[in-house]
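The sequence lines fix the lettering, A, B, ..., with proteins before strands; numbering per chain opens at 1. Since this is a predicted model, take the numbers as computed values, not measurements.
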Number of protein chains: 2
Amino acid sequence: MTTIKDIAKAAGVSVTTVSRALNGYSDVNEKTRRKIMDIAKQLNYSPNTLARGLVMKKSRTIGMLVSGMNRVSSKDNFTFEVLSGVNECISERDYDLVLFSTTTTKQREKTYSQLCRERRVDGVILQGMKIDDPYLKEVVESDIPCMLIDIPISSKSVGYVTTDNVLGAKRAVRHLIQSGHKNIGLVNGHDQAYVSKQRLKGYMEALQEAGLQVNGQYIASGDFTEEKAEEAGTMLLKEHPELTAIFCASDLMALGVIKSAKAVGLSVPEQLSVIGYDNILLAAYSSPPLTTIAQNKFDLGYKAANALIDMLEEKSDAQVITLETELIIRESAK
Amino acid sequence: MTTIKDIAKAAGVSVTTVSRALNGYSDVNEKTRRKIMDIAKQLNYSPNTLARGLVMKKSRTIGMLVSGMNRVSSKDNFTFEVLSGVNECISERDYDLVLFSTTTTKQREKTYSQLCRERRVDGVILQGMKIDDPYLKEVVESDIPCMLIDIPISSKSVGYVTTDNVLGAKRAVRHLIQSGHKNIGLVNGHDQAYVSKQRLKGYMEALQEAGLQVNGQYIASGDFTEEKAEEAGTMLLKEHPELTAIFCASDLMALGVIKSAKAVGLSVPEQLSVIGYDNILLAAYSSPPLTTIAQNKFDLGYKAANALIDMLEEKSDAQVITLETELIIRESAK
DNA sequence: TTGAAAGCGCTAACAA
DNA sequence: TTGTTAGCGCTTTCAA
């Protein structure tokens with residue numbers, strides 16, 4: 001494997017000169033540079049980023065920590081789209097991406113900062129962490145630059161990107177209200193997600209704005225899974241037959257609620273309107289197709305990566321970014 | 001950031017001893033070891049993998065090269081499931097995963113081996129490459145250990161994992177034949193995929209086994225996309241109204257064909273049976289739910305990673321692994 | 001059982 | 001414009 005030493009020898013100059021030439025410094029004779037470049041190409045040289053990282057104390061590497069990237073959880077491709085966005089931005093800006101995963105127990109033994117420091121990543125993006133995840137506390141305590149996705153914690157070295165979940169939920173509920181619904185249920189996600197609190201807030205605000213009473217009995221938890229949401233839906237529909245619409249804090253849960261409606265003998269959307277959240281891939285294909293609040297998952301990742309790199313290159317401080325949502329009207333609500 | 005030097009100083013020993021203690025060598029006094037370990041923990045030490053990699057010439061890092069991981073392509077989560085499998089195995093065996101992406105033009109400028117050597121990955125997994133991808137030739141020429149997914153190239157340093165695509169396609173077509181179909185169309189993927197050739201072969205063999213004529217007119221290309229498949233389906237159905245079944249070489253294409261059937265006024269499965277391939281997430285949710293040939297995408301990734309690491313650790317030579325498929329009967333064919 | 005010293009491939013003061 | 005030298009944090013002979 002060719003090193004700058006080899007090039008130096010072949011060109012009859014010092015390694016310093018080679019390093020300078022290769023890195024585009026101005027203080028090297030144009031002739032020498034050309035010669036060095038030629039030889040480098042001839043010898044099929046690639047720089048050793050390990051060596052470079054060691055001396056520069058920068059690896060041009062971003063770590064991404066995703067929870068729940070395992071056999072069962074690929075049902076919504078939320079994670080994948082975020083990852084695609086991160087990947088796109090990172091490669092545009094000439095960084096590399098290393099994937100940490102927290103699926104195995106093995107890695108739980110390592111602390112967050114251990115994970116990061118071992119790999120000498122310049123910064124980290126966290127996605128899918130629960131609000132009570134032990135890693136999270138560490139993130140804030142450590143001074144490793146970090147962007148969180150959908151977790152509103154910020155400091156000198158940590159920022160986050162999220163969507164406007166309050167407004168998103170509001171949009172969904174307002175849409176139902178405008179269609180004449182008065183008794184609107186909510187199947188929310190679990191409490192360990194920040195977005196759950198926000199979406200609950202949006203739900204309540206929309207009702208209040210319209211002069212409707214918030215009824216705690218109409219609110220159930222679906223734990224972000226299809227199965228739990230189905231149970232929650234069944235419960236809600238049985239105990240409160242006056243419900244004509246249910247807003248779900250995720251599409252997957254909306255799918256579960258629709259199942260429960262069918263089981264109870266209600267047709268969607270004729271007898272029960274259902275609105276989801278996320279606009280996952282399945283939303284357009286399920287029957288009926290899901291009316292939902294879309295969020296741009298690719299952008300979530302892309303912007304997180306972009307802000308992180310800005311931060312690393314000192315182009316900006318830790319940023320807080322909020323993306324917009326959009327109501328997608330399909331056929332599950334009317 | 002703590003280094004072994006700091007530990008050495010604190011423990012009153014040499015860095016050599018610290019290194020040996022930390023790496024579990026036997027030739028270090030138990031007392032000294034304990035002392036060193038304690039201090040390391042106290043100082044919150046993490047080894048610098050860059051430095052280690054530099055001297056060891058091993059990074060314990062696997063690169064994964066995926067093509068088409070971008071904004072539009074997240075429609076089938078094939079890639080994501082493979083990635084999840086790779087990730088799972090890699091973290092179990094205590095390696096790290098770096099993601100190369102070939103989406104941007106920028107990286108096309110770098111050759112495959114440049115990409116790998118710069119990052120000093122110990123091995124690579126390639127997924128989603130077309131058969132005429134320029135990278136592919138390099139893979140074989142270079143001696144970087146590599147596992148391919150769904151591309152049957154092997155050598156001393158490269159192996160692959162794939163499913164039995166001939167048999168898979170056969171299973172689909174046999175199922176149709178058993179249901180009484182005689183005029184069976186094929187919407188295949190593009191020619192740049194190895195699997196296309198295999199699935200075509202399976203299609204033909206199944207027909208021949210049953211004593212049915214292969215009719216070239218019944219075969220069209222859907223280019224692995226929903227849109228192209230819809231066009232192909234429309235063409236096929238208009239020109240050959242005698243077709244009662246179409247086998248599609250991917251689920252996404254099956255979705256397209258079903259659309260075309262609806263457009264032409266044919267109901268699925270009453271008037272046209274459709275079978276897909278892959279068993280992607282959507283398959284179970286589309287209407288009608290897709291009868292399809294399932295392949296275990298997670299395992300595809302997991303096994304590739306596992307074989308690669310075996311190879312790196314010299315537990316085995318480059319392997320060739322073939323996974324089984326399974327016919328999943330749903331409602332799009334009868 | 002321990003330490004001194006060399007070196008992995010690279011960058012960066014400093015000097016010339 | 002170029003070279004000398006030191007050093008990033010680690011592993012590994014070799015010698016004690």
Under the 3.5 angstrom rule, does the side chain of [X] hit a backbone N or O of [Y] as a donor-acceptor pair?
X       : Y       : answer
R117(B) : S113(B) : yes
N23(A)  : S19(A)  : yes
S46(B)  : E118(A) : no

Please work out if N29(B) contacts a base, only the sugar-phosphate, or nothing of the nucleic acid, heavy-atom cut-off 4.0 Å.
->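 Here N29(B) touches the backbone only, sparing every base.
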Have a look at T16(B) and say if it touches a base, only the backbone sugar-phosphate, or nothing, with a 4.0 Å heavy-atom cut-off.
->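 Since a base atom lies under 4.0 Å of T16(B), the category is base.
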Nearest-Å distance, [atom1] ([X]) to [atom2] ([N])?
X       : N       : atom1 : atom2 : answer
R117(B) : dC10(C) : CZ    : P     : 11 Å
I7(B)   : dC10(D) : CD1   : C1'   : 12 Å
R119(A) : dG9(D)  : CZ    : C1'   : 15 Å
N23(A)  : dG9(C)  : CG    : C1'   : 13 Å
K9(A)   : dG9(C)  : NZ    : P     : 12 Å
M1(B)   : dC8(D)  : CE    : C1'   : 13 Å

Kindly check if the number of other-residue, nucleotide or ligand heavy atoms within 6.0 Å of CG (D191(A)) is above 12?
->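 Result for CG/D191(A): open.
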Minimum-distance nucleotide (side-chain atoms of D27(B) versus dT1(C), dT2(D), dG9(C)) |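 The answer is dT1(C), which lies nearest to the side chain.
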Please determine, for the side chain of I4(A), which listed nucleotide (dG3(D), dC10(C), dT11(D)) has the closest atom?
->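 Nucleotide nearest to I4(A)'s side chain: dC10(C).
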Estimate the overall bend of the helix from dT1(C)-dA16(D) to dA16(C)-dT1(D) from the end axes over five pairs each, rounded to 10 degrees.
->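 The helix from dT1(C)-dA16(D) to dA16(C)-dT1(D) shows an end-to-end axis angle of 40°.
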OP1, OP2 of [N] versus side-chain N and O of [X]: anything below 4.0 Å?
X      : N       : result
K57(B) : dG9(C)  : yes
T17(A) : dT2(D)  : no
Y25(B) : dT11(D) : no
S14(A) : dG3(D)  : yes

Judged by modelled atom types alone, do [X] and [Y] share a side-chain donor-acceptor pair under 3.5 Å?
X       : Y       : value
R119(B) : T61(A)  : yes
Y112(B) : E141(B) : no
Q319(A) : S316(A) : yes
T162(B) : D150(B) : yes

Any cation-pi pair here, R20(A) with Y25(A), using under 6.0 Å and within 45°?
->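 No, a cation-pi geometry is absent between R20(A) and Y25(A).
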Using heavy atoms and a sub-4.0 Å distance, could you list which residues of residues 36-56 of chain B are near DNA chain C? By number, please.
->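 The answer is L54(B), V55(B).
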Check: S19(B) side chain, dT12(D) base, donor-acceptor under 3.5 Å =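 Result: no qualifying N/O pair found.
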Go through the N and O atoms of the side chain of R20(B) and the base of dG3(C), and report whether any donor-acceptor pair is under 3.5 Å.
->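 It does, because a donor-acceptor pair links the side chain of R20(B) to the base of dG3(C) below 3.5 Å.
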Write down the atom of Q295(B), the atom of L300(B), and the distance for their closest heavy-atom approach.
->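 It is OE1-CD2, 4.1 Å.
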